[in-house]
Amino acid sequence: MISRREFLAAGASVTAVAGVGLYTCRIEPHRLEIVRRPLSIRNLPGSLAGRTLVQISDVHVGTRVDDDYVLATFRRVADLQPDIVVFTGDFISYHPGIFEQLPVLYRHFPKGRMATVAILGNHDYGPNWAHPEIAARVVDAVQGFGITVLRNEISEVEGLQVVGLDDLWAHQFNPAQVMGSLESRHAAIVLSHNPDTVDLSGWGEYDGWILSGHTHGGQCKPPFLPAPLLPVRNRRYTAGEFALDGGRRMYISRGVGHLLQVRFNVRPEVTVFELRSA
Ligand SMILES: [Fe+2]
């Protein structure tokens with residue numbers, strides 16, 4: 001026989017576990033945080049100082065991320081009236097109906113007043129990251145909605161060079177193709193989906209910011225412990241700001257979407273950077 005007190009304690013534990021489970025599966029995956037940070041860039045043209053650059057990452061449109069959540073997120077960003085929007089990969093999680101679903105959502109992707117620039121992530125290459133023909137259709141579709149996709153290329157936004165590197169796991173990461181063309185006396189930032197790319201060669205003399213995604217912050221992070229779900233070789237690269245060798249700095253967004261719909265202590269994120277002259 002268990003006592004009444006033990007019965008009540010057991011009931012409270014079950015309720016607490018159910019509550020945490022409900023929060024982890026239903027609530028936190030949609031509790032978007034708008035993170036505001038300064039972003040200091042050397043040689044930034046005066047006309048860009050004080051402008052906003054919004055980073056959106058890892059939306060993962062597909063069967064596991066709620067469409068209404070994605071649309072609400074796009075609306076929240078549009079309401080911020082950003083000057084520049086950058087997207088750091090994983091537009092989709094591939095499924096056979098993705099090319100009917102993709103345009104319904106991405107036609108509402110928030111545009112920057114000056115520019116909207118994106119790169120691809122591993123999921124944009126379909127199953128096993130092995131389908132360039134899927135990536136080509138993703139690029140075609142989103143470019144139709146005014147999003148410029150850079151694949152080891154540079155786009156210049158009023159004197160700011162935006163470098164977009166292609167994806168590592170899809171074997172398309174090729175900084176050597178583009179970093180040599182950077183004008184080192186002019187302002188620059190680099191977009192690279194997978195944080196592990198910063199430890200590879202090919203960066204040349206680059207010593208500025210790299211904006212990254214891919215990790216989703218690990219999605220679940222028990223207090224005082226490292227995040228267990230980290231798809232990176234360098235497990236230091238969870239989320240947030242990192243100082244790197246060669247004077248480079250990296251910012252990893254926790255992303256908007258998810259693979260499995262679970263997040264705990266790692267809220268989804270859209271980052272609003274205020275551009276400053278370093
Ligand atoms: Fe992702």
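Every number for a ligand or one of its atoms is a count from 1 in the order of the listing.
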Student: Quick one: do His123 and His60 satisfy ring pair (Phe, Tyr, Trp, His ring centres under 6.0 Å)? Show the steps, please.
Tutor: CA-CA 8 Å; His123 283 268; His60 286 279; 4.7 Å; yes

Student: Students often mix this up, so state it plainly: with edges at 30° and 60°, are the rings of Trp203 and Phe173 parallel, tilted or perpendicular?
Tutor: tilted

Student: Would you list the pairs meeting salt bridge (charged side-chain N to carboxylate O under 4.0 Å, His left out) in which at least one residue belongs to residues 257-275, sequence neighbours left out?
Tutor: Arg254-Glu269, Glu274-Arg276

Student: Measuring from the Fe ion (ligand 1), count protein N/O/S atoms under 2.8 Å, please.
Tutor: 4

Student: Checking ring pair (Phe, Tyr, Trp, His ring centres under 6.0 Å) for the pair His108/Phe74: CA distance, chi angles, key distance, verdict?
Tutor: CA-CA 7 Å; His108 301 287; Phe74 288 173; 8.1 Å; no

Student: Under the side-chain hydrogen bond (donor to acceptor under 3.5 Å, both in side chains) rule, collect the residues that match up with Asp67, sequence neighbours excluded.
Tutor: Gln101

Student: For residues 70-88, which residue pairs pass the salt bridge (charged side-chain N to carboxylate O under 4.0 Å, His left out) check, not counting sequence neighbours?
Tutor: Arg51-Asp83, Asp83-Arg113

